[in-house]
Amino acid sequence: MRNGIELLVRRVSAIPQHSISSTFRFLPQFCSSSSASPSSKLFIGGLSWSVDEQSLKDAFSSFGEVSEVRIAYDKGSGRSRGYGFVDFAEEDDALSAKHAMDGKGLLGRPLRISFALARVRGGPVVVPRFGKQPKRDR
DNA sequence: AATGAGCGT
């Protein structure tokens with residue numbers, strides 16, 4: 001019995017933090033996005049409406065090789081939604097960029113930077129329901 | 001038309 005508990009604790013501890021964050025992203029206590037989820041991708045909030053992907057990349061290129069820059073645009077109007085993502089080739093560069101740029105102003109607006117959450121790939125998981133199945137002819 | 005936390009057409 002004791003061994004079983006120790007085994008369970010060891011297995012839970014082995015789950016990477018970023019995996020927990022993406023799995024339980026709907027629970028705020030597991031989504032401390034400002035803390036160090038190890039990733040090379042930064043979430044950049046607080047962008048001025050007028051910041052485009054090129055100027056965002058320019059603002060972060062001095063910290064290392066930027067492998068991807070995305071700004072979230074509104075589907076219909078094409079206006080910026082005021083946040084975006086900067087992905088670095090090196091995790092270290094992402095971390096130093098975060099430390100240097102978080103709270104710093106870009107075009108007059110303070111940036112809010114955290115590590116990006118893993119993009120949700122499949123959509124909501126539909127849990128199968130058991131119990132009341134419709135009667136089926138046989 | 002304007003908007004100001006957020007996690008991506």
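Keep in mind that what you see is a predicted model, and the values were worked out from it rather than measured. Only this structure's heavy atoms are used, side chains among them; waters, hydrogens and symmetry mates stay out. Letters A, B, ... mirror the listed sequences (proteins, then strands); counts begin at 1.
Between the CG atom of A:L42 and the P atom of B:dG6 there is a distance of 18 Å, rounded to whole Å. Atoms CG (A:L56) and P (B:dC7) sit 18 Å apart, rounded to a whole Å. Per the geometry, CZ belonging to A:R79 stands 9 Å off P belonging to B:dA1, to the nearest Å. The nearest whole Å value for the distance from the CH2 atom in A:W49 to the C1' atom in B:dA1 is 13 Å. Atom CZ in A:R70 sits roughly 14 Å away from atom P in B:dG8 (whole-Å rounding). B:dG8 atom P lies 18 Å from atom CD1 of A:I113, rounded to whole Å. Atom-to-atom, CG of A:L111 to C1' of B:dG6 comes out at 14 Å; the value is rounded to the nearest Å. Atom P of nucleotide B:dA1 and atom CG of A:D74 are separated by 13 Å, given to the nearest angstrom.
Residue whose closest nucleotide on DNA chain B sits further toward the 5' end, between A:S80 and A:R112: A:S80.
Ring pair A:Y83/A:F85 is perpendicular by interplanar angle, where above 60° counts as perpendicular and below 30° as parallel.
Taking the side chain of A:R119 as heavy atoms from C-beta on, and the options B:dG8, B:dT3, B:dC7, the nearest nucleotide is B:dG8. When distances run from any side-chain atom of A:A72 to the nucleotides B:dT9, B:dC7, B:dG4, the shortest one goes to B:dT9.
Note: A:Y73 OH to A:R81 CZ = 12.0 Å, rounded to the nearest 0.5 Å.
Look at A:Y83 and the base of B:dG6; the rings do not stack under the cut-offs of 5.5 Å between centres and 30° between planes. Residue-nucleotide stacking is not present for A:F43 and B:dG8, judged by a side-chain ring centre under 5.5 Å from the six-membered base ring centre and planes under 30° apart. Remark: ring of A:Y73 does not overlap the six-membered base ring of B:dT9 in a stacked fashion, as centroids less than 5.5 Å apart with planes less than 30° apart are not both met.
Looking at A:L56, A:L42, A:I44, A:D102 one by one, the single match for side chain to side chain contact (heavy atoms under 4.5 Å, CB included) with A:L111 turns out to be A:I44.
With hydrogens and angles ignored, the 3.5 Å screen pairs a side-chain donor or acceptor of A:E53 with a backbone N or O of A:I71.
A 4.5 Å side-chain heavy-atom check between A:V86 and A:F43 finds every atom pair outside the cut-off.
Looking at heavy-atom distances under 4.0 Å, A:G46 makes contact with a base.
Phosphate proximity of B:dG6 to A:R81: absent, as no side-chain N or O sits under 4.0 Å from OP1 or OP2.
Put simply, the side chain of A:K41 and the base of B:dG8 share a donor and an acceptor less than 3.5 Å apart.
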